[in-house]
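Scroll down for the structure; my scribbles are underneath it.
Remember, predicted model here, so these are calculated numbers, not experimental data. The first residue in the sequence is number 1, and the count goes up from there.
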Amino acid sequence: MVADDRTLHPHLRVAHGMKRGREWLLRMRALPFGVAAVAIPVTIASAIFIAVPLAGAFAIDVPAIKRGSSSFVAAQAVPHVIHLPVTLDDIALDDPALGDGPLPVAPPTRTRRPRPTAGPTMTPAVPGPTVVPPTGVPSPTAIATADVPTAAPAPDEAITRFGRVRGTQRDGVRAFLGIPYAAPPVGEARWRLPSPPEAWAGVRDAVSFGAVCPQWEDDQLLGDEDCLTLNVWAPGQGEPAPDDPDTGAGGRPVMVWIHGGGHQQGSSAQRIGDLPLYDGQTLAARHGVVVVTINYRLGPFGFLAHPTLSAEGGVAQSGNYGMHDQLAALTWVRDNVAAFGGDPARVTIFGQSAGAVSVCRLVASPLATGLLAGAIMHSGGCPATPLARAEANGVAVASDVGCADAADTPACLRSRSTQVLMDTLAAIPGGGTETLGRNTYDGVIDGYAVPEAPQALIESGRHNAVPMMIGATSAENGASAPPIADEAAYEAAVRAYFARSGLPAALVERALDVYPVGNYATPRDAYVALTSDLKFACSARNDARRFTQAQDEPVFRFWFDHVPENAGPLARSRGAYHGADLPFLFDSIEFQGRLGRYVAGPADRAVIALLQRTWARFAATGDPNGAEPPGDPAGPDPLAWPVYELTREPALRIASPPSIVERVRGAECDFWSSLRP
């Protein structure tokens, strides 16, 4: 398999002055897939591993989107590694004083991002629409519907509460792209709760994705603050729903995707080569579900907290604007998805990395009550930042942009351009690939959308108890770990990891005893296992245990363990890394890169079929088990996926062939849990 490294995987970001790493990345674009898969992490990860302890001036993560382009800066070997979703209390340790983290970590030192020498400069638009009071989600009663057409829609049209939309049709699926679900959050609406969009007259074309929300791609600022749109893929009228025996008057099951990106990057329009990565086409066509993907505010626009903004918002404290966007999108789905054939009573939310963090917060939030019937978490956790800590970061941001002494701080902040505010997006020591630290922009425990730490809400049963699927990949850090030649280098890497993460140095020897290098094929594999367990696998296990103990609704755990079968041996050595499951879930694996198109093999196709039909069944019934449709490439179901329970701890290993495994990473996660006081 050959492909352009810019299109191999959606989750690489190397930024904040790492010019040498970028130069190496550019050189790697000329290499075949198997070579690039090793060369990129060796060069970039080496630079990162050395640079972080010295300056902390880097960030790896997050899809770097390029509007109007079929590629983005990415490499299959370097995954999207989130900045913020997993905290040590998810893994092992607790500190009630922090509420969401185990160790008294000092507030991060922020480094102002240098202004780029190139790239667009954007300014906020004129003051926007009146914002609804802070009731959590927009009220449908605020919608102006007088001009909404009432005549029966054409086959490629649908009528929403805001107006008629016209999409496209392909292979029995209607696609509607770039539909606004909220008014533009610009001008006076910046850092306020989302309000409903204005109704439109006539028919609105919905044939292209909306703008991405402001974000960095290397030294280029992309996107627009007017970015609150969503996309719908819906089977055409009369199309069969093979995995949904309950489809009837209530409509089809609905799956709402929340993208990852560390709450700083990403979009529903993300591409992998010449294909949309999060394409709902095949899920809708093969399995009869309605798929919705959404944008939400990111970085300072989605997650900035400041005391004066909190005071201005009343009960809705600052810092969770991106989460309120997600709530507004779910409200739109509730009120409009029937027009696309969906059942508003059967909405499953699913997301990966920071998207999975969002899923957990929504499940924990009282504001999401009635908006979801199921939830799926891919490689994420359940953290949230205490409001005081987030507000302290916001005070520093206000100082950076010259608003520290303003008589009206919110007005001063709203007067600043998109560019100026995005310049404050800093690399946070302790917030990058190899660490467990905080990022400046994250959801907060605001007493309203997130009344308490999500873990506490779940453990006490004060959450939206719905069927859950929770999992991780088998080598989450397999593409971002540094090169490690021998046992001495392995031990040194672990010590450096603990130091950067704020973990007690006294734990290093104990961790090395649990992960002896002799138990793994290579020293690097040992490092990948240790760091992947700490950040992801044990978080998934703890979340599965937490939900299982707190609710009667079933919980299912999965373990993605498949590598593209036609990948070269060097690429395969990276394993099933963070985000490797996404091209299989959305069947976007056969993308065209500059050096060729990847062709999926029979094992790849079996994994795609297994993932899609299982996820669709879960959305339809709350149970992923069931008979396979005729002609399914995965073949007959060879096993039943047991409900997760605390004795055997069963999980579905997603591979070709699949299997049921018990206590996956159990002994290792027991070790991390044993550190809890």
Side-chain angles (χ1 to χ4, degrees), residues 11 61-63 80 82-87 90 100 136-137 181-182 193-194 213 215 227-228 230 255-268 270 278 292-299 301-305 319-333 347-369 371-372 374-385 390 438-439 441-446 448-451 453-455 457-458 463-464 466 468-472 536 539-540 543 547 578-579 582 585:
H11 299 308
D61 191 296
V62 294
H80 167 167
I82 49 182
H83 291 290
L84 50 96
V86 181
T87 58
D90 274 327
D100 71 331
V137 292
Y181 67 82
L193 298 190
C213 295
Q215 56 194 265
C227 61
L228 299 186
L230 53 74
M255 303 183 71
V256 179
W257 175 254
I258 304 175
H259 69 78
H263 294 135
Q264 292 189 23
Q265 288 188 305
S267 84
S268 61
Q270 192 165 316
Y278 308 132
V292 180
T293 64
I294 69 172
N295 289 348
Y296 55 95
R297 280 174 282 182
L298 303 169
F301 305 104
F303 299 95
L304 176 71
N320 281 334
Y321 306 106
M323 179 178 179
H324 283 287
D325 294 343
Q326 296 163 2
L327 288 162
L330 289 174
T331 301
W332 187 98
V333 169
V347 175
T348 294
I349 58 174
F350 64 138
Q352 187 262 354
S353 196
V357 175
S358 296
V359 167
C360 191
R361 289 183 190 145
L362 290 166
V363 171
S365 176
L367 301 188
T369 301
L371 297 178
L372 57 122
I376 307 173
M377 295 170 57
H378 294 247
S379 302
C382 296
T385 301
R438 298 288 171 192
N439 188 275
Y441 299 118
D442 185 14
V444 304
I445 304 169
D446 62 358
Y448 180 55
V450 185
Q455 298 95 333
L457 293 169
I458 296 163
H463 67 292
N464 298 292
V466 296
M468 300 284 299
M469 289 167 50
I470 302 171
F536 296 102
S539 173
D543 290 335
F547 280 108
H578 189 69
L582 301 184
L585 176 60

For the residue pair Ala375 and Val466, what are the closest heavy atoms and their distance?
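Scanning both residues completely, I find the closest heavy atoms to be N-CG2, 4.2 Å.
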
Looking at Gly262 and Ala354, what are the two nearest heavy atoms and their distance?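 Distance-wise, the nearest heavy atoms are N-CB, 3.4 Å.
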
Are side-chain heavy atoms of [X] and [Y] found at a separation under 4.5 Å?
X: Phe303; Y: Asp442; result: no
X: Tyr278; Y: Leu585; result: no
X: Ile258; Y: Tyr296; result: yes
X: Val363; Y: Met468; result: yes
X: Thr385; Y: Ile445; result: no
X: Ile376; Y: Val359; result: no
X: Gln352; Y: Trp257; result: yes
X: Ile294; Y: Val256; result: yes

I'd like to know if the side chain of [X] and the backbone of [Y] have a donor-acceptor N/O pair within less than 3.5 Å.
X: Arg361; Y: Pro383; answer: yes
X: Ser365; Y: Ala449; answer: yes
X: Gln215; Y: Leu298; answer: no

ask   = What residues, two or more places apart in sequence or in another chain, satisfy salt bridge (charged side-chain N to carboxylate O under 4.0 Å, His left out) together with Asp446?
value =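 Partners of Asp446 by the salt bridge (charged side-chain N to carboxylate O under 4.0 Å, His left out) criterion come out as none, since no residue qualifies.
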
Kindly compute the distance separating [atom1] ([X]) from [atom2] ([Y]), expressed to the nearest 0.5 Å.
X: Leu230; Y: Trp332; atom1: CG; atom2: CH2; result: 5.0 Å
X: Ile470; Y: Ser379; atom1: CD1; atom2: OG; result: 12.0 Å
X: His263; Y: Ser358; atom1: NE2; atom2: OG; result: 3.5 Å
X: His259; Y: Thr293; atom1: NE2; atom2: OG1; result: 9.0 Å
X: Leu330; Y: Leu367; atom1: CG; atom2: CG; result: 11.5 Å

**Report entry** Verdict with reasoning, Val347 to Leu371, per side-chain contact (heavy atoms from CB on, under 4.5 Å)
**Finding:** CA-CA 7 Å; Val347 175; Leu371 297 178; over 6 Å; no

side-chain contact (heavy atoms from CB on, under 4.5 Å), that's the test. Do Tyr448 and Asn320 meet it? Break it down for me. CA-CA 10 Å; Tyr448 180 55; Asn320 281 334; over 6 Å; no

Restricting to side-chain hydrogen bond (donor to acceptor under 3.5 Å, both in side chains), what partner residues turn up for Ser268, sequence neighbours left out?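 If we apply the side-chain hydrogen bond (donor to acceptor under 3.5 Å, both in side chains) test to Ser268, skipping adjacent residues, the hits are Asn231, Asn295.
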
Test side-chain hydrogen bond (donor to acceptor under 3.5 Å, both in side chains) applied to His463 - qualifying residues, sequence neighbours left out
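Gln551.
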
Holding to side chain to side chain contact (heavy atoms under 4.5 Å, CB included), I want the full list of residues that pass it with Pro451, two or more places apart in sequence or in another chain.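 Pro451 satisfies side chain to side chain contact (heavy atoms under 4.5 Å, CB included) with Pro366, Leu457 only.
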
Note to self: So, using side chain to side chain contact (heavy atoms under 4.5 Å, CB included) as the criterion, who are the partners of Cys360 when residues are at least two apart?
What the structure shows: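 So Cys360 forms a side chain to side chain contact (heavy atoms under 4.5 Å, CB included) with Met377, Cys382, Ile458, Phe547.
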
